[in-house]
Engineer: 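Have a look at this one before I ask anything.
None of these values were measured; they are calculated from a predicted model.
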Amino acid sequence: MANYLNDVSRTFGEYLFIPGLTTKQCIPSNVSLRTPLVKYRCGEEPAISLNIPFVSAIMQAVSGPELAIELARNGGLSFVFGSQPVDSQAEMVRKVKKFKAGFVVSDSNLTPDNTLADVISIFNQTGHSTVGITDDGSPNGKLLGIVTSRDYRTEKDDHSMPVREFMTPLASLITGKSGIGLSEANQILWEHKLNSLPIIDASGNLQYFVFRKDYDSHRENPLELSDENKKLLVGAGINSRDYRERVPALIEAGVDVMCIDSSDGYSEWQQETLEWIKTNYGSQTLVGAGNVVDGEGFRYLADAGADFVKVGIGGGSICITREQKGIGRGQATSLIDVSRARNKYMEEKGVYIPLCSDGGLVHDYHMALALAMGADFLMMGRYFARFDESPTKTLRIGNSYVKEYWGEGSNRAQNWQRYDMGDSASLKFEEGVDSYVPYAGKMKDNLDVTLGKIKATMCSCGAITIASLQKDSKITLVSSTSIVEGGAHDVILKDKG
C-alpha cells in the first residue's frame, strides 16, 4: 500500500496576502529585490546574488544569448539552453560574456589590404560599429588604425577601395596603454568625446577596446548583473548524460553558474553529475539541481552538493508531465514543503541553500506569493518567451501578434536528455506542448511593470526585502467564491476598443 500524504496539493491561485502594517519606510523606491543565487555559509556572502529575483528557463524558445544579455542588464540571469551541441551552447555563453566587458577583446578585425566590401560584410555579419585594423588582421596584431561607419559612404565609395585609403590611422587615434584602469579609460572617452578607445601594449599590439556605449549602458541599467571585470553574468543548462564533455566547454567559455535540467531531480543521475563536477572542478564551480517537490528530494540534492535547488514538477504552462505520468504536486504546496526542509537543513548545517521556484505562475502577484513561501528566485519560461529578445519568431495570427513557444518535453525540442531515466536515447512520449504566447514587446518595459507590482505587494505586507516578506507576511487560503469576488463582477464592462 502506498504512502499517503494528508495535505492537499495547492496552487498559488488558492492564496492571498493579508495586509501588514505599511510603515512610512514601505515605499517602492525603498524595496530591495536582491536575493542569493547560490548557497553560502550563514554569516557570509553568497558568491552570486541576483539584483532581481528572476532567471529565465532552460528552454530553446526562451534562453538564447540576446535574452541572456538583456536580462543580465536588468539584474537577472539566464540559463542558456542545453538541448543543442556543446560547441554552439559554449559559443552562446561567450557571446554574452563578451557583450559588456568594459575591456572588450576585438572580434572584428581586418588588415589594410582588405577592401571596403570586407568592412561592409563584417559590419553586416556582426552588427559591430568598429573594426580594428591590424597588421595581420588578428585581435592582438599591431594596431594600424580603425574603421567606423563615419569613415566611408556605402552608396558612393568604391567597394574595392583598400582599407588603408579610408581608415583612421593610428597617428590620428587617441589610445590607452595596457594596464590602464576602467575608470581612467572612461574618463579619456569623455574628455575627448570618443566613441571607442583602443588599448595597446608596449609593442603597439591591440589588446582591447573600451566603448562609450558600455558606460552609457551601465548608467541606464543600475541593476546590471556583472562581475568584477564588468562582464555580464550568464548561466547554462546541462544534463546528466554528456556533462563530461559539456561542463569543461562551458567553463572554458566563461559560464558563471550551471543547472542540471531535468523534469525529476530526485535521482542518482543528478547525484553522480554533481559529484563529478565538484570532484573535478571544486566547490567554486557553481551548479544548481532539480526539480523536486518535497523535502526528501531537497535533502538528497543538498547532500549531493547542489548550490541551489529547483522546485516544481508539472506546473509550467506548456508542461503536461502530470497528465502524462501522474507525477507532480501543486506548486504552492511543493514550495512550502521544500522551504521547511531548506530551513531545517540551514539550522543543522549552518548553510543556506537558495530555492528556485519553477512553474505555476499565472498572475504577477503569484510571484510575490512564491517569494513569501520561501523561494529566493523564480525561473520563468512563458513570461520571457513573449518578448522581442527571446529567440523565436513573431507571427501574426488573425488580428493578434504571437511568439512561438514550445516545451523541452515536446518532440520539437528533441530534448530527451531532460527526461532521461537511464534507458535508450529517445523521447518515448511528450511531456510538453508546442504553442504560442501573446507577443508583448520589449523585455524592459514589461519587466518594470511586473517588478513594480511585486514591490507594491511587498509594501502592503509591510516588507521592503524578500527576507522580511518571508518572515513577516501573512497568507490565507481562499475559497472558490472569494476568487470570483476578487475580480470584476456584477457589472457590464465597457469595450476598451
Engineer: Within this structure, what is the CE-CG distance for the pair M59 and L67, rounded to the nearest 0.5 Å?
Structural biologist: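 Here the rounded value is 12.0 Å.
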
Engineer: Quiz question: by atom type and distance under 3.5 Å, do the side chains of N124 and S121 form a donor-acceptor pair?
Structural biologist: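 No pair is found: no donor N or O on one side chain lies under 3.5 Å from an acceptor on the other.
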
Engineer: List for me each residue that meets side-chain contact (heavy atoms from CB on, under 4.5 Å) alongside K453, sequence neighbours excluded, and say none if there are none.
Structural biologist: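 Checked K453 against side-chain contact (heavy atoms from CB on, under 4.5 Å); matches are D364, V449.
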
Engineer: Measure the spacing between CG of D157 and CD of E165 and express it to the nearest 0.5 Å.
Structural biologist: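 With rounding to 0.5 Å, CG (D157) is 10.0 Å from CD (E165).
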
Engineer: Just do the salt bridge (charged side-chain N to carboxylate O under 4.0 Å, His left out) check on K278 and D307 with the steps written out, would you?
Structural biologist: CA-CA 11 Å; K278 297 296 183 178; D307 289 293; 2.6 Å; yes

Engineer: Find the distance between CZ (F384) and CD (E70) and round it off to the nearest 0.5 Å.
Structural biologist: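 Answer rounded to 0.5 Å: 10.5 Å.
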
Engineer: Are E224 and K230 close enough for a salt bridge, meaning some N to O gap below 4.0 Å?
Structural biologist: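 Here E224 does not pair with K230 in a salt bridge, since their nearest N and O are not under 4.0 Å apart.
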
Engineer: Going by atom types only, do S240 and T273 share a side-chain donor-acceptor pair under 3.5 Å?
Structural biologist: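 Judged by distance alone, the side chains do not pair up.
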
Engineer: I need the S63 OG to E389 CD distance, nearest 0.5 Å.
Structural biologist: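 Those atoms lie 12.0 Å apart.
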
Engineer: Against V62, only a single residue in F387, Y405, F81 fulfils side chain to side chain contact (heavy atoms under 4.5 Å, CB included); can you say which?
Structural biologist: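 Only one option passes, and that is Y405.
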
Engineer: Can you tell if the side chain of K444 reaches within under 4.5 Å of the side chain of N221, non-hydrogen atoms only?
Structural biologist: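 Yes, close enough: below the 4.5 Å cut-off.
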
Engineer: Please examine the side chains of D376 and I466, heavy atoms only from C-beta on, and report whether any two atoms are closer than 4.5 Å.
Structural biologist: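 With C-beta onward as the side chain, the pair stays apart.
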
Engineer: What I want to check is whether the side chains of D158 and S160 have a donor and an acceptor closer together than 3.5 Å.
Structural biologist: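 Judged by distance alone, the side chains do pair up.
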
Engineer: Side chains of R212 and W190: does their closest heavy-atom pair fall under 4.5 Å?
Structural biologist: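 Answer yes - side chains close enough.
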
Engineer: Counting only heavy atoms from other residues, nucleotides and ligands, does the tally under 6.0 Å from CD of E275 exceed 12?
Structural biologist: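 Buried by this count: over 12 neighbours within 6.0 Å.
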
Engineer: Between Q331 and S357, do the side chains contain a donor N or O and an acceptor N or O under 3.5 Å apart?
Structural biologist: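 Q331 and S357 do have a side-chain donor-acceptor pair below 3.5 Å.
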
Engineer: For the pair R246 and D242, find out whether any cationic side-chain nitrogen is under 4.0 Å from an anionic carboxylate oxygen.
Structural biologist: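 Yes, charged N to carboxylate O under 4.0 Å.
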
Engineer: With sequence neighbours left out, write down each residue that passes ring-ring contact (aromatic ring centres under 6.0 Å, His included) with Y439, or none if nothing qualifies.
Structural biologist: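 Once residues adjacent in sequence are excluded, Y439 has no partner under the ring-ring contact (aromatic ring centres under 6.0 Å, His included) criterion.
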
Engineer: Using only heavy-atom distances, determine whether the side chains of Y436 and S400 contain a donor-acceptor pair under 3.5 Å.
Structural biologist: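 Result is no, nothing qualifies.
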
Engineer: Parallel, tilted or perpendicular: which describes the rings of Y152 and F166, with under 30° parallel and over 60° perpendicular?
Structural biologist: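 Judged by the thresholds at 30° and 60°, the geometry between Y152 and F166 is perpendicular.
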
Engineer: Classify the ring geometry between Y365 and H363 as parallel (under 30°), tilted (30 to 60°) or perpendicular (over 60°).
Structural biologist: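 Parallel, since the angle between the ring planes stays under 30°.
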
Engineer: Within a reach of under 6.0 Å around CD of Q284, are more than 12 heavy atoms found that belong to other residues, nucleotides or ligands?
Structural biologist: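 Yes.
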
Engineer: Look at atom OH of Y281 and say whether more than 12 heavy atoms of other residues, nucleotides or ligands are closer to it than 6.0 Å.
Structural biologist: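 Enclosed: over 12 neighbouring heavy atoms sit under 6.0 Å from OH of Y281.
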
Engineer: Is there a side-chain contact between V105 and Y208 (heavy atoms, below 4.5 Å)?
Structural biologist: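 When only atoms from C-beta onward are counted, Y208 and V105 do touch, with a gap below 4.5 Å.
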
Engineer: Under a plain distance cut-off of 3.5 Å, with no hydrogens placed, do D136 and S138 share a side-chain donor-acceptor pair?
Structural biologist: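 Yes, a side-chain donor-acceptor pair sits under 3.5 Å.
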
